[in-house]
Amino acid sequence: MPSSATLLDTDSATRLRVVIGRLSRQLRSTPSGLDAALTPTRISLMLSIDHNGPVRLSELADSEGINPTMLSRSVTQLVDAGLVTRTSDSADRRAAWVTATDAGHTLAERMRQERTDAVNAALSGLSASDRRMLEDAIGSLEALAAALKDGHR
């Protein structure tokens, strides 16, 4: 654990947590022109399945931090929408794999592009020095996300 002298003060840590939460909520909203039934959870699952698939449902539950019942319901809705396929694992009938369909991949790419475009549009309103500071902070933010995922809270 780092010494307390290297940690952020409580106010700064709180501000960082709040702004990361706001950014996350703003960037995970339902893409334009999509059915409102594609909830933030289903969007996150769709993006993860497209990026990591084919993926076992158990691995998806772990990586997304979703309980198996919620995961099963959400994946079923993605299957019903034609965005993913679910197949049984031939080596272990209790397990299942999910993969993005062509339609799911196209949707995932569209969502990623819309989010990237939104970030770039917002960045264009910042000063060049603020954009540079944000770019310089990306590596540290990635390390922070990894540390939080690994349970170093």
Side-chain angles (χ1 to χ4, degrees), residues 1-2 6-8 10 12-123 131 133-153:
M1 177 94 172
T6 62
L7 297 177
L8 293 177
T10 301
S12 294
T14 299
R15 288 177 58 209
L16 178 61
R17 178 187 52 78
V18 168
V19 75
I20 288 171
R22 279 189 197 142
L23 289 168
S24 177
R25 282 187 300 280
Q26 290 166 350
L27 290 173
R28 73 174 184 221
S29 63
T30 303
S32 59
L34 286 185
D35 183 350
L38 198 55
T39 64
T41 297
R42 291 185 205 122
I43 289 170
S44 180
L45 288 171
M46 181 69 249
L47 291 170
S48 183
I49 292 165
D50 181 63
H51 184 262
N52 300 312
V55 62
R56 280 180 156 222
L57 282 175
S58 58
E59 293 170 11
L60 187 59
D62 287 342
S63 70
E64 291 291 311
I66 298 175
N67 74 56
T69 302
M70 169 74 103
L71 177 68
S72 180
R73 286 184 192 144
S74 294
V75 167
T76 296
Q77 289 168 328
L78 292 172
V79 168
D80 291 347
L83 299 173
V84 302
T85 58
R86 179 183 0 211
T87 55
S88 295
D89 187 327
S90 59
D92 180 357
R93 288 290 180 190
R94 297 169 297 168
W97 293 85
V98 286
T99 307
T101 62
D102 288 343
H105 175 70
T106 299
L107 175 62
E109 286 297 311
R110 179 175 145 216
M111 287 188 287
R112 286 185 190 102
Q113 189 60 54
E114 283 184 9
R115 291 172 178 192
T116 298
D117 292 347
V119 169
N120 275 326
L123 286 170
R131 287 192 304 269
M133 282 192 312
L134 286 171
E135 187 174 9
D136 290 345
I138 292 170
S140 296
L141 290 169
E142 289 169 337
L144 175 62
L148 287 169
K149 183 177 181 182
D150 292 341
H152 298 111
R153 296 176 188 230

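Here, residue 1 is the first one in the sequence, and each next residue gets the next number. Note that the structure is a prediction, hence the values are computed from the model and not measured.
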Contact check, side chains of Thr76 and Asp80, non-hydrogen atoms, under 4.5 Å: yes
Side chain to side chain contact (heavy atoms under 4.5 Å, CB included) with Arg17: which residues, sequence neighbours excluded? Thr14
Do Val98 and Thr87 touch side chain to side chain, with heavy atoms closer than 4.5 Å? no
Using the side chain to side chain contact (heavy atoms under 4.5 Å, CB included) criterion, which residues pair with Pro54? Sequence neighbours excluded. Trp97, Thr99
Enumerate the salt bridge (Lys or Arg N to Asp or Glu O under 4.0 Å) contacts for residues 133-145, please, sequence neighbours excluded, ordered by first and then second residue. none
Quick check: are there more than 12 heavy atoms from other residues, nucleotides or ligands sitting under 6.0 Å from CG of Asp102? no
Arg42 vs Leu47, side chain to side chain contact (heavy atoms under 4.5 Å, CB included): CA-CA, chis, key distance, verdict: CA-CA 9 Å; Arg42 291 185 205 122; Leu47 291 170; over 6 Å; no
Passes side chain to side chain contact (heavy atoms under 4.5 Å, CB included), Leu8 versus Leu16? Steps please. CA-CA 10 Å; Leu8 293 177; Leu16 178 61; 4.1 Å; yes
Are the side chains of Leu45 and Leu71 in contact, using a 4.5 Å heavy-atom criterion? yes
Over all atoms of both residues, closest heavy-atom pair of Leu144 and Ile20: CD2-CD1, 4.3 Å
How long is the span from the CD atom in Gln77 to the OG1 atom in Thr41, to the nearest 0.5 Å? 10.5 Å
Return the OG1 to CE distance between Thr39 and Met46, rounded to the nearest 0.5 Å. 12.5 Å
Across all chains, not counting sequence neighbours, the side chain to side chain donor-acceptor pair (under 3.5 Å) partners of Thr116 are none
State which residues pass side chain to side chain donor-acceptor pair (under 3.5 Å) with Arg15; sequence neighbours excluded, sorted by chain then number. none
Quick one: which residue pairs count as a side-chain hydrogen bond (donor to acceptor under 3.5 Å, both in side chains) with a foot in residues 44-54, not counting sequence neighbours? Ser44-Glu64, Ser48-Asn52, Ser48-Glu64, Asp50-His105, Asp50-Arg112
Ala96: what forms a side chain to side chain contact (heavy atoms under 4.5 Å, CB included) with it, not counting sequence neighbours? Leu57, Arg86
Residues in side chain to side chain contact (heavy atoms under 4.5 Å, CB included) contact with Thr69, at least two apart in sequence or another chain: Asn67, Arg73
Between Ser74 (side chain only) and Met70 (backbone N and O only), is there a donor and an acceptor less than 3.5 Å apart? yes
Any chance you could measure Asn120, atom CG, to Arg131, atom CZ, to the nearest 0.5 Å? 10.0 Å
Kindly compute the distance separating OG1 (Thr101) from CG (Leu83), expressed to the nearest 0.5 Å. 5.5 Å
